[in-house]
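Side chains are part of it too, since the values below use all heavy atoms of this structure and drop only hydrogens, waters and symmetry mates. We count ligands from 1, going down the list as the structure has it; atoms in each ligand are counted the same way. Because the structure is predicted, anything quoted here is derived from the model rather than measured.
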Amino acid sequence: MVYERCFICNKKSYQTTHYESDVDFRTFPRGSDVDLDGRIHRRGRESGDFLNPFSSVHECPYCGYVSNNLSDKTILSTNFFDSESYRNCNNIIFKSDLAKKCYKSYLIYKESNKLIQSFFYIQYCAWACDDENDDENGIIVRKIGITIINEFLSLKGFNFKTHDEWLLIKFDWMRRMGDFENLINEYENISLEKIAHSEVFRFQLEKAKNRDSSCYSISDVYK
Ligand SMILES: [Zn+2]
């Protein structure tokens, strides 16, 4: 538990940190326990290895501000945090409190024009939905995530992840959403630069052809 003072309303509250992390596609070896969209696989999460508090989402109980640390500055004003769309997450009824907080964080970053952070939090939101079997909302937020990935794909020289790494996340999410036909029709014939990426993609295609939307890890690709 940490005690933080809120940047927006200046009140103090106790906060607990949730740990979550994704993994850089360049660092995980073949056969590693990482899900196909880069999330640490369940076993690693349960052991606590690899996780960092980067994604912690603290929410001020007084004004509703959500941040990694409530004392973090934001350019947004109280009007934003008071708005209906922020407070009710654009009318999405999430099953988990964590998903709700991640979605609010996504809204904050989106409004602040911080595209990459907005993606991370919609990603964490999708994972929080998965953990609660909130499939319907998992699809809604992955759709949002894919529109952000499409923006990244249209940006030349964007180097946080490579073009193909963003594509791999997009493929995984299309399949997880059950968007099999579009995945197959749009991408079946593309070629990815690295062999390891192509192997993951071929695995994805095969699963899509079998109408399989389950969560798989990199180790499953090489079984
Ligand atoms: Zn506050």
Side-chain angles (χ1 to χ4, degrees), residues 1-24 37-40 44-46 48-149 151-152 158 160-161 169 173:
M1 293 271 269
V2 288
Y3 198 44
E4 290 174 352
R5 185 183 290 280
C6 176
F7 176 77
I8 295 294
C9 72
N10 211 31
K11 291 179 180 153
K12 281 179 155 186
S13 60
Y14 282 105
Q15 298 291 331
T16 41
T17 294
H18 174 80
Y19 292 85
E20 182 66 81
S21 183
D22 67 343
V23 173
D24 193 315
D37 63 357
R39 188 184 192 189
I40 303 278
R45 294 202 299 277
E46 282 166 359
D49 293 343
F50 312 115
L51 301 188
N52 65 53
F54 172 74
S55 65
S56 67
V57 269
H58 297 166
E59 182 169 24
C60 175
Y62 304 103
C63 69
Y65 178 41
V66 172
S67 184
N68 198 35
N69 182 320
L70 292 179
S71 61
D72 289 343
K73 291 181 181 169
T74 173
I75 56 166
L76 305 181
S77 70
T78 48
N79 286 346
F80 176 81
F81 299 105
D82 285 341
S83 66
E84 273 298 297
S85 53
Y86 176 79
R87 291 204 164 247
N88 68 17
C89 295
N90 290 324
N91 284 323
I92 303 174
I93 315 291
F94 290 106
K95 282 189 188 171
S96 92
D97 199 42
L98 180 62
K100 209 186 292 177
K101 288 196 267 187
C102 290
Y103 188 82
K104 285 181 174 176
S105 205
Y106 149 73
L107 289 176
I108 291 170
Y109 283 119
K110 184 181 163 221
E111 188 71 13
S112 311
N113 289 318
K114 293 184 174 173
L115 199 58
I116 185 72
Q117 287 93 338
S118 77
F119 174 78
F120 282 135
Y121 281 90
I122 208 70
Q123 171 176 259
Y124 297 139
C125 183
W127 293 345
C129 289
D130 292 348
D131 290 344
E132 293 296 323
N133 298 317
D134 190 356
D135 298 340
E136 199 181 314
N137 290 326
I139 290 175
I140 291 174
V141 297
R142 280 190 166 87
K143 266 187 196 160
I144 296 170
I146 284 176
T147 62
I148 302 174
I149 291 176
E151 284 194 56
F152 292 148
F158 188 87
F160 190 83
K161 290 184 195 296
I169 296 176
W173 282 16

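- Nearest heavy-atom pair across Cys102 and Tyr124 is SG-CB, 3.8 Å.
- The number of protein N/O/S atoms found under 2.8 Å from the Zn ion (ligand 1) is 4.
- The side-chain heavy atoms of Phe81 and Ile108, taken from C-beta on, include a pair separated by under 4.5 Å.
- Side-chain contact of Asn91 with Asn88: a donor-acceptor pair under 3.5 Å is present, judged by distance alone.
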Worked verdict on Val2 versus His58 for side-chain contact (heavy atoms from CB on, under 4.5 Å) = CA-CA 10 Å; Val2 288; His58 297 166; 3.8 Å; yes

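- Relative orientation of the Phe119 and Phe152 rings is perpendicular, given thresholds of 30° and 60° on the angle between their planes.
- Residues forming a side-chain hydrogen bond (donor to acceptor under 3.5 Å, both in side chains) with Asp72 (at least two apart in sequence, or on another chain): Ser67.
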